[in-house]
Structure formats: structure tokens, C-alpha cells
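Below is one structure, written out as C-alpha cells; comments come after it.
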Amino acid sequence: MPYRKRYMSSHDIDWYACVNHKWIYASSMGGLLPNKINNDTFLPLLQTISYNLPDLVEEDKIVVNNDLIVRRYERAIRVYREYYIQNDDLLNRFLENFTLDSFGRAYTAEFISMARKGFISYIRENIDDPLDNNYIIVAEPSEEISVKLSDFFDSPLPEWLNNEQFKAYLNMISKRGSIGNSHQVIDLWDLFQ
């Protein structure tokens, strides 16, 4: 069964897909899931499998989209300024510890973790508009590693996963298409509608 729109709009749901044998990890940030991805049985299963995969890449081999991090940090500063609008002293104390570096480490931790497993990690670009489904890369392996990850998903499934419905789901979330480069905003969502 698919997740309901109300549920999707209030949750950050991680979803996965394969484009030209390159596995992607995407964070919905309260946006809608593409129709072919939206399955409340197989998506949680794929989330669990993906989360438990071994690291294939060292952390120093991960490329982070620093331009995106700076933009998200500036957005966060604007939000906190509005929150602390009546109290400059509290705002200044908060900003002493809320540095670009600390924000960047916290913001990218999960994306880097998934990139270390071989995924190209995406986030919905315009998180302030739940209907905007364009995505942008947050982190990715610096070398082509997706083939190793694809080998895992293409290998015979363990007996407890070896059923036709799960195989059909994996096939449905694999597409041909272009996923662009690290600073290009793309409409991943439409690939899987």
C-alpha cells in the first residue's frame, strides 16, 4: 500500500532508486514520494537493507556539495533570527556555537554515511515548498562505486527476500536516465512517477 499524502507531508522519508546502475538515496523532507517508490511494505524493507550495508568508500573519498551546505546554513540562520527576534542576547549565545562547520557536520552526517555505502545522496532542493520535487546532490563517492552497490542488489536475494513482489519493486525503481552533476538540480521525482 502507498503512504498517504498527509503522512508524506509530515515526515522525512528516505527513498532509494537506481538510475543507469547508479544507486541513489534521497531524503524527501516532507515532500511526496514518487508513485513507483511509494510502497509502505517494500520501501521500509529497502531502507533497512540499505542502512545495514557495509561501507564501500572511505570518508575522505566523499565529495560534499558545500554550496548547498552554505545555502542551508544561511536559511537556518534566518529561521533562528526570526525565532529569537525578541532576544538578541539569546540569539548571540546560540550563534556562538552554531557555526557553519558544526552545522555542516550535523547536516551531512546521514548523507555522507549513505555515500560511504555507494549511494549518491540527494535532498529535496526547495524544502519550503512541499510541492517542489526537484532534488540536488548533498554527497557522493568521488569514484565510481555504484557498480559494487548494484552487484549487491543484483546478486541472488537471501531466501527471506526472495519473492516476486520484492523483485518487481526493485525492477520498478530501476530506470534509465540522467542524474546530472553535483550542483545541478534535477527532477528525480518525475523519473519514478
Side-chain angles (χ1 to χ4, degrees), residues 11-31 33-34 37 39 42-73 75-76 98-125 127 133-158 160-161 166 169-189 191-192:
H11 289 79
D12 179 14
I13 302 173
D14 297 342
W15 57 277
Y16 302 84
C18 186
V19 180
N20 288 339
H21 303 287
K22 294 180 181 182
W23 279 90
I24 62 164
Y25 154 77
S27 176
S28 72
M29 298 295 294
L33 296 176
I37 303 296
N39 182 305
F42 296 124
L43 180 56
L45 184 57
L46 191 54
Q47 290 166 339
T48 301
I49 292 167
S50 299
Y51 184 77
N52 288 298
L53 289 171
D55 291 340
L56 299 174
V57 182
E58 295 297 320
E59 190 165 345
D60 64 343
K61 300 287 187 198
I62 301 300
V63 177
V64 175
N65 184 347
N66 290 314
D67 294 339
L68 174 67
I69 305 313
V70 169
R71 288 195 314 270
R72 291 292 164 89
Y73 175 72
R75 178 190 175 278
F98 189 71
T99 64
L100 176 59
D101 185 54
S102 66
F103 172 81
R105 279 193 314 265
Y107 187 82
T108 60
E110 186 66 21
F111 298 100
I112 289 172
S113 174
M114 296 312 290
R116 291 193 65 200
K117 296 174 187 307
F119 292 94
I120 301 170
S121 297
Y122 285 87
I123 193 166
R124 207 163 47 81
E125 170 69 8
I127 59 176
N133 291 304
N134 290 317
Y135 282 76
I136 190 165
I137 292 175
V138 179
E140 64 184 322
S142 62
E143 57 195 50
E144 181 52 53
I145 197 74
S146 291
V147 173
K148 288 183 185 177
L149 186 58
S150 284
D151 286 346
F152 171 81
F153 286 109
D154 291 339
S155 65
L157 296 170
W160 62 278
L161 283 176
F166 187 64
Y169 180 74
L170 287 178
N171 189 48
M172 190 169 44
I173 65 169
S174 297
K175 293 283 182 195
R176 294 211 174 271
S178 174
I179 56 175
N181 62 42
S182 42
H183 297 289
Q184 185 178 19
V185 175
I186 65 168
D187 196 345
L188 278 178
W189 196 79
L191 282 175
F192 299 95

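Please read all numbers here as calculations on a predicted model, not as lab measurements.
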Check: Atom CD1 in Ile37, atom CG in Leu46: separation rounded to 0.5 Å?
Finding: 8.5 Å
Check: Between Ile69 and Phe103, is a side-chain contact (heavy atoms from CB on, under 4.5 Å) present by the stated rule, with each step listed?
Finding: CA-CA 8 Å; Ile69 305 313; Phe103 172 81; 4.2 Å; yes
Notebook entry, point to check: Counting distance only, does the side-chain N/O of Asp12 pair as donor-acceptor with the main-chain N or O of Met29 below 3.5 Å?
Noted result: yes
Check: Going by an N to O cut-off under 4.0 Å, is there a salt bridge joining Arg71 and Glu125?
Finding: yes
Notebook entry, point to check: salt bridge (Lys or Arg N to Asp or Glu O under 4.0 Å) with Asp55: which residues, sequence neighbours excluded?
Noted result: Arg116, Lys117
Notebook entry, point to check: Any side-chain heavy atom of Tyr16 sitting closer than 4.5 Å to one from Ile49?
Noted result: no
Notebook entry, point to check: Which atoms form the tightest heavy-atom contact between Pro141 and Ile62, and what is the distance?
Noted result: CA-CD1, 3.9 Å
Margin query: In the structure I gave you, are the side-chain heavy atoms of Tyr25 and Tyr122 within less than 4.5 Å of one another anywhere?
Written below: no
Check: Would you find a donor on one side and an acceptor on the other, under 3.5 Å apart, between the side chain of Arg124 and the backbone of Asn133?
Finding: no
Next item on the list: Verify side-chain contact (heavy atoms from CB on, under 4.5 Å) between Asn65 and Glu140, making sure each step is shown before the conclusion.
Entry: CA-CA 9 Å; Asn65 184 347; Glu140 64 184 322; over 6 Å; no
Margin query: I'd like to check the side-chain contact (heavy atoms from CB on, under 4.5 Å) partners of Asp101; sequence neighbours left out, ordered by chain and number.
Written below: Thr99, Arg105
Next item on the list: Measure across Asn39 and Pro44 and return the closest heavy-atom pair with its distance rounded to 0.1 Å.
Entry: O-CD, 3.5 Å
Which donor-acceptor pairs under 3.5 Å do side chains of residues 106-114 form with protein atoms, sequence neighbours excluded?
| unit_1 | atom_1 | unit_2 | atom_2 | d |
| --- | --- | --- | --- | --- |
| Tyr107 | OH | Arg72 | NH1 | 2.4 |
| Thr108 | OG1 | Gly104 | O | 2.7 |

Check: Just how far is it from atom OG of Ser28 to atom CG of Leu33, taken to the nearest 0.5 Å?
Finding: 5.5 Å
Margin query: Val63 vs Ile137, test: side-chain contact (heavy atoms from CB on, under 4.5 Å). Steps then yes/no.
Written below: CA-CA 10 Å; Val63 177; Ile137 292 175; over 6 Å; no
Margin query: Can you classify the ring geometry of Trp15 versus Tyr135 as parallel (below 30°), tilted (30 to 60°) or perpendicular (above 60°)?
Written below: perpendicular
Check: For the side chain of Ser142 and the backbone of Lys61, is there at least one donor-acceptor N/O pair under 3.5 Å apart?
Finding: yes
Checklist line | Euclidean distance, Ser121 OG relative to Ile123 CD1, rounded to 0.5 Å | finding: 10.0 Å
Check: Under 3.5 Å, side chain of Gln47 to main-chain N/O of Asp14, donor-acceptor pair present?
Finding: yes
Check: For the residue pair Phe42 and Phe166, does the interplanar ring angle fall in the parallel (under 30°), tilted (30 to 60°) or perpendicular (over 60°) class?
Finding: tilted
